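Owing to the predicted nature of the structure, the values given are computational and were not obtained by experimental measurement. Each chain gets a letter, A, B and so on, in the order the sequences are listed, and its residues count up from 1.
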There are 2 protein chains.
Amino acid sequence: MATRVPSEHGSVRKAPRQLRSRATVDTIVEAAARVLARRGWAHFTTNETASAAGVSVGSIYQYFPNKLALAEEIRKRHLDAVLAAISGSDERDAVITVEQRAAKLVDGVVAAHSVDQELHRVLLDEVPLAARSTQDQFEAEYLRRYQAVIASAPGKPDPKRDDIAGRVLSGAVEGVVHAAARHGELQSPELRAELIELVCAYLRSRCTG
Amino acid sequence: MATRVPSEHGSVRKAPRQLRSRATVDTIVEAAARVLARRGWAHFTTNETASAAGVSVGSIYQYFPNKLALAEEIRKRHLDAVLAAISGSDERDAVITVEQRAAKLVDGVVAAHSVDQELHRVLLDEVPLAARSTQDQFEAEYLRRYQAVIASAPGKPDPKRDDIAGRVLSGAVEGVVHAAARHGELQSPELRAELIELVCAYLRSRCTG
DNA sequence: CCAAAATGCGAGTGTCCGCTCACATTTATC
DNA sequence: GATAAATGTGAGCGGACACTCGCATTTTGG
């Protein structure tokens, strides 16, 4: 999508109206994502993106006020794909056990990080984030999955403590998955088992103690 | 330190021999660290570093073959400081309990991330790492602390499983601490308590099940 | 003291790349 | 068809910045 009515720096670009231009925008964003993943943010140039997309630089700036806006669009599309990869782990099925719920959560997060791994890494580690809104919205959605797991565990709810527990769980799972991704061990079954065990152990201790 | 006898790209620089030049190198590195922390890697320039240090650009290139080498030196010094912040949690004191050991570990990691937080973030998130060696050496040392905690927990040792457990524990603690740092909650006692609980719960479950 | 080595200087060079603009081409409207 | 609007083009401008080089100054060793 390239409807950029308001822009932080004033430079507004018009939205594509015809079919042709919408296709052009898609081509640009897809090519840009490939270039960004392959070269990293430091070597990500609009000129290379243009030739990779088979368009001229001018066409990029017809729809994006600057390089960063293009990266933001890539991020937005990617985060949507990631959320799609997680969906299914938030079913309100009360019959499944905590262990199964934890397994679904872990599998979801692993799946999310398996969507175009290199692009994911570059977007998270290298591309500076200009507008918090998109990122915040995504993080909130992400956190909700963890809160759901916390809430589904037995024990009396304690809003404040549960909130912190959500952050702890989220940070822990993300941390383990990120580390695994860096070492190319995302698909290791042993790691999956240990991670699920970590989640379950924590949940168990929280209703015991 | 600026003894760069071998350099990856061939450009070698001489080491400072006199007191004066050693002081200059220190001044440069310290100023560079401040600039890097304040402006981020993207806006970190050698010219600004030079004027911040009160020297000329030429003096920088007298001792560092390029900008990245300067950043590497900053990283090296910073990682040393971080290791110093952790030291003390690896005492082989067999009398203390697992809970106490876990607490020491968590406190150590938190302390490590409290050393010049912004610089730490920039170094980890933004500065590209050219030479793996330094980073790898540091990570190995870091992992050792976790392995020590794993080994101190009761239960029969299982080398392969313990190795994975070390990675899981390391990833989890790092992940939680990083997330907390991003939200400025590094000093929260509640978070500390929950994180220690996470570690203990995991260790407990590993000797029970 | 006096070479010679070490250190320090900073204007300038070369390169890279984001972005513009004047113009060409295609599509919509009547 | 004709006019206007939308879309596409790419050479090149301008600024940023890493890094060099010829020279000045300081320190060392004899």
Trainee: Quick check for you: among D/dC19, C/dG8, D/dG8, whose closest atom lies nearest to any side-chain atom of B/Gln62?
Mentor: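 For B/Gln62, the side-chain atoms sit closest to C/dG8.
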Trainee: State whether B/Arg206 and B/Asp158 are salt-bridged, where the test is any N-O pair (Lys NZ or Arg NE/NH1/NH2 against Asp/Glu carboxylate O) under 4.0 Å.
Mentor: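 A salt bridge is absent here (no side-chain N lies under 4.0 Å from a carboxylate O).
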Trainee: Using only side-chain N and O atoms of B/Thr46, determine if any of them is under 4.0 Å from OP1 or OP2 of D/dA18.
Mentor: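 Yes, within the criterion.
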Trainee: Take the protein atom CD of A/Glu48 and the nucleotide atom P of C/dG18, then report the distance between them rounded to whole Å.
Mentor: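 Checked: the CD to P distance equals 10 Å.
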Trainee: Measure CZ/B/Phe64 against P/C/dG8 and give the value in whole Å, please.
Mentor: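 Answer to the nearest Å: 12 Å.
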Trainee: Between A/Arg17 (CZ) and D/dA4 (P), how many Å, whole number?
Mentor: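 Taking CZ of A/Arg17 and P of D/dA4, I get 19 Å after rounding.
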Trainee: Does anything in residues 54-65 of chain A form a salt bridge (charged side-chain N to carboxylate O under 4.0 Å, His left out)? List the pairs, not counting sequence neighbours.
Mentor: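 For residues 54-65 of chain A, and leaving out neighbouring residues, there are no salt bridge (charged side-chain N to carboxylate O under 4.0 Å, His left out) pairs at all.
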Trainee: Could you measure the distance from the CZ atom of A/Arg75 to the NE2 atom of A/His120? Nearest 0.5 Å is fine.
Mentor: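 NE2 of A/His120 is found 10.5 Å from CZ of A/Arg75.
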Trainee: Just to verify, what does A/Arg144 make a side-chain hydrogen bond (donor to acceptor under 3.5 Å, both in side chains) with, not counting sequence neighbours?
Mentor: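 Once residues adjacent in sequence are excluded, the partners of A/Arg144 under the side-chain hydrogen bond (donor to acceptor under 3.5 Å, both in side chains) criterion are A/Glu141.
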Trainee: Reading nucleotides 23-30 of chain D 5' to 3', which nucleotides get B (base under 4.0 Å from a protein heavy atom), which S (sugar-phosphate only), which -?
Mentor: ---SSS--
Trainee: A/His43 NE2 to C/dC17 P: how many Å, rounded?
Mentor: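 Distance check: A/His43 NE2 to C/dC17 P gives 8 Å.
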Trainee: Would you kindly give the CZ-to-P distance between A/Arg22 and D/dA6, to the nearest whole Å?
Mentor: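 It is 13 Å, rounded to the nearest whole Å.
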Trainee: So which nucleotide from C/dC19, D/dA18, D/dC19 ends up closest to the side chain of A/Asn66?
Mentor: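 The answer is C/dC19, which lies nearest to the side chain.
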Trainee: What are the two closest non-hydrogen atoms of A/Asp162 and A/Pro157, and how far apart are they?
Mentor: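 Scanning both residues completely, I find the closest heavy atoms to be OD2-CA, 3.8 Å.
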Trainee: Within this structure, what is the CZ-to-C1' distance between B/Phe44 and D/dA16, rounded to whole angstrom?
Mentor: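 After rounding, the reported distance stands at 16 Å.
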Trainee: Write out all pairs satisfying salt bridge (charged side-chain N to carboxylate O under 4.0 Å, His left out) with one or both partners inside residues 171-180 of chain B, taking only residues at least two apart or from two chains.
Mentor: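 Those involving residues 171-180 of chain B do not exist here.
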Trainee: Please evaluate residues B/Arg161 and A/Glu194 with respect to the criterion salt bridge (Lys or Arg N to Asp or Glu O under 4.0 Å), reporting the C-alpha separation (whole Å), side-chain torsions for both, the decisive distance (0.1 Å), and the verdict.
Mentor: CA-CA 9 Å; B/Arg161 191 163 174 241; A/Glu194 287 293 320; 2.7 Å; yes
Trainee: One thing to verify: whether B/Arg34 and B/Glu30 come together as a salt bridge, which I'm taking to mean a side-chain N less than 4.0 angstrom from a carboxylate O.
Mentor: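 No.
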Trainee: Could you run down nucleotides 10-15 of chain C 5' to 3' and tag each one B, S or - for protein heavy-atom contact under 4.0 Å?
Mentor: BB----
Trainee: Within the structure, does a side-chain N or O atom of A/Arg39 lie under 4.0 Å from either OP1 or OP2 of C/dC17?
Mentor: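 For A/Arg39, the contact criterion (side-chain N or O under 4.0 Å from OP1 or OP2 of C/dC17) is not met.
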Trainee: Just to confirm, is there a sub-4.0 Å distance from OP1 or OP2 of D/dG8 to any side-chain nitrogen or oxygen of A/Ser21?
Mentor: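 Indeed not, no polar side-chain atom of A/Ser21 lies that close.
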Trainee: Respond yes when some side-chain nitrogen or oxygen of A/Tyr61 is under 4.0 Å from OP1 or OP2 of C/dT20, and no when none is.
Mentor: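 Result: no.
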Trainee: Using whole Å, what does the distance between atom P of nucleotide C/dC17 and atom CG of A/Leu70 come to?
Mentor: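 Going from A/Leu70 (CG) to C/dC17 (P), I get 16 Å.
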Trainee: Sequence neighbours left out, cut at 3.5 Å: what donor-acceptor pairs do the side chains of residues 123-137 of chain B make with other protein atoms?
Mentor:
residue, atom, partner, partner atom, Å
B/Glu126, OE1, B/Trp41, N, 2.9
B/Glu126, OE2, B/Arg121, NH2, 3.4
B/Arg132, NH2, B/Asp136, OD1, 2.8

Trainee: How many whole angstroms separate atom CH2 of A/Trp41 from atom P of C/dC16?
Mentor: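 To the nearest whole Å, that distance equals 19 Å.
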